[in-house]
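Worksheet for the structure shown next.
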Amino acid sequence: PAMTDPASCLEDIDVVILAGGLGTRIRETLGDTPKLLAPIDGTPFLDLLIRRLQSFGARRLVLGLGHLADKVVAHLDSNPPDGVDVVTVIEPEPLGTAGALRLTRTHINSEPVMVMNGDSFFATDLCDFVTAHRSGGVGASILCAPVDDTSRFGRLDISDDSRVQAFLEKDASLSGPGIINAGVYLFGAAMLNLIDETPGPSLERDVFEQLAPGTLGAVTGEGAFIDIGTPDDLARAAKVLAPFANS
């Protein structure tokens, strides 16, 4: 195939953002502001996320919303992003990451589809991820982030041929640098079918951890990784995301 402009790799790939969680770890900080609208130096996190995805050519987003969904919808209505279609899907009750993805399934028009957790940000090149997924010959790939301390996240055991061998739980004794799941995925239709057919709310626990070792591709990016789900990280986010806030 002809080389495409590297910054347009997402133009034919729908991006599903899973943001239905209750945000319990950060509720005292944000009050009745949903996590997606957490202010990062005055800019709602969602706006930064959309700009970031647009920089890779994204044209169609599917937002899986739940808790405080009406506020996110109102924000999008009054600040419609330019050049991006945003479809909102509101879950009737908290369904978890796998449940939310099943709910958005009928709105997904592309293969592969990019799926991401709506409470983290990884400053890596998403086009590199797409390229690696396509050349990896797998039906599903996980974007991985190197971090200085994996104890808060759980780490991945990745084989030499870039496949996920095991998901290691959060464990205070497994501290130090390592590779974590950055919460960004590329799924083909077969993987979406599998998620549809697998019971349980969590993509990580109920789906991924039940797969045979080596099923999922692992693509390790580089750049700052931040999870805005805790007050400390939200406070740190303004600094980490400053380059993107003004781009």
Side-chain angles (χ1 to χ4, degrees), residues 15-50 52 61-76 86 88-104 115-122 142-145 147-156 167-175 180-185 195 198-210 224-241:
V15 182
V16 176
I17 300 175
L18 302 176
L22 295 172
T24 42
R25 295 178 300 166
I26 200 168
R27 191 173 291 167
E28 285 185 14
T29 308
L30 289 177
D32 60 357
T33 298
K35 214 162 22 172
L36 263 188
L37 299 183
I40 310 294
D41 232 357
T43 304
F45 180 66
L46 175 60
D47 294 5
L48 296 186
L49 209 49
I50 291 176
R52 175 84 177 139
L61 309 182
V62 180
L63 293 187
L65 304 175
H67 183 59
L68 301 173
D70 53 330
K71 300 216 166 169
V72 179
V73 171
H75 172 74
L76 287 165
V86 182
T88 53
V89 180
I90 300 172
E91 54 189 29
E93 73 245 334
L95 299 174
T97 46
L101 187 55
R102 292 181 201 111
L103 190 65
T104 64
V115 176
M116 56 174 50
N117 291 334
D119 56 3
S120 55
F121 190 100
F122 185 21
I142 293 186
L143 181 60
C144 307
V147 295
D148 294 335
D149 181 9
T150 60
S151 59
R152 267 188 45 206
F153 301 102
R155 59 170 72 199
L156 298 181
F167 291 83
L168 309 176
E169 289 292 320
K170 293 176 193 180
D171 182 346
S173 65
L174 279 178
S175 59
I180 63 163
N181 173 358
V184 181
Y185 315 110
I195 293 165
T198 307
S202 168
L203 270 180
E204 296 81 8
R205 286 185 299 282
D206 299 312
V207 181
F208 296 161
E209 289 178 20
Q210 310 309 319
F225 174 81
I226 193 153
D227 159 13
I228 62 161
T230 67
D232 286 355
D233 283 321
L234 184 60
R236 233 171 28 100
K239 188 171 166 207
V240 173
L241 301 180

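The first residue in the sequence is number 1, and the count goes up from there.
- When L95, V89, V16 are each tested for a side chain to side chain contact (heavy atoms under 4.5 Å, CB included) with L101, only one passes: V16.
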Report all side-chain donor-acceptor pairs from residues 61-70 shorter than 3.5 Å, counting only partners two or more places apart or in another chain.
none

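- Distance CG/D41 to OG1/T43: 7.0 Å, rounded to 0.5 Å.
- Inter-residue side-chain proximity for T88 and V72 is flagged as unmet; no heavy-atom pair is nearer than 4.5 Å.
- Atom CZ of F208 sits about 6.0 Å away from atom CD1 of I195, to the nearest 0.5 Å.
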Exercise. Starting from the C-alpha separation in whole Å, work towards a yes-or-no answer on side chain to side chain contact (heavy atoms under 4.5 Å, CB included) for V115 and T104.
Key: CA-CA 11 Å; V115 176; T104 64; over 6 Å; no
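- Remark: L36 CG to L18 CG distance equals 10.0 Å, nearest 0.5 Å.
- Of the inter-residue distances, the one linking L156 atom CG with I180 atom CD1 reads 8.0 Å to the nearest 0.5 angstrom.
- Taking all atoms of both residues into account, the shortest heavy-atom contact from V184 to N181 is N-OD1, 4.3 Å.
- Between S120 and D233 there is no side-chain heavy-atom pair separated by less than 4.5 Å.
- A98 and V207 get closest at one heavy-atom pair: CB-CG2, 4.3 Å.
- Enclosure of atom CZ in R205 is not indicated, since only 12 or fewer non-hydrogen atoms of other residues, nucleotides or ligands lie within 6.0 angstrom.
- With a 4.5 Å cut-off on side-chain heavy atoms, P199 and D206 do not count as touching.
- With rounding to the nearest 0.5 Å, the separation of CD1 in I40 from NZ in K239 is 14.5 Å.
- Nearest heavy atom pair, residue T198 against residue R102, reads O-NH2, 2.5 Å.
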Exercise. For the pair L234 and L30, evaluate side chain to side chain contact (heavy atoms under 4.5 Å, CB included) and give the outcome as yes or no after the intermediate values.
Key: CA-CA 10 Å; L234 184 60; L30 289 177; 3.8 Å; yes
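- Taking both residues in full, the closest heavy atoms of V240 and A224 are given as CG1-CB, 3.6 Å, listed atom of the first, atom of the second, then distance.
- In this structure, K35 and F45 approach most closely via the heavy-atom pair O-CB, 4.2 Å.
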Quiz item: Passes side chain to side chain contact (heavy atoms under 4.5 Å, CB included), D47 versus H75? Steps please.
Solution: CA-CA 10 Å; D47 294 5; H75 172 74; 2.7 Å; yes
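- Note on ring orientation: taking the six-membered ring where Trp is involved, the planes of F225 and F153 are perpendicular (angle over 60°, cut-offs 30° and 60°).
- Side-chain atoms of S151 and D149 form a donor-acceptor pair, as typed in the model, at a separation below 3.5 Å.
- Counting only heavy atoms from C-beta outward, the side chains of D32 and K71 approach each other to under 4.5 Å.
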Practice problem: Given side chain to side chain contact (heavy atoms under 4.5 Å, CB included), test E204 with F167 step by step and report yes or no. | Solution: CA-CA 9 Å; E204 296 81 8; F167 291 83; 5.9 Å; no
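- Proximity of I26 to D119: side-chain heavy atoms (C-beta onward) are nowhere separated by under 4.5 Å.
- Under the 4.0 Å criterion applied to side-chain N and carboxylate O atoms, R25 and D227 are assigned as salt-bridge partners.
- Taking every heavy atom of both residues into account, C144 and F122 meet most closely at O-CE2, 3.3 Å.
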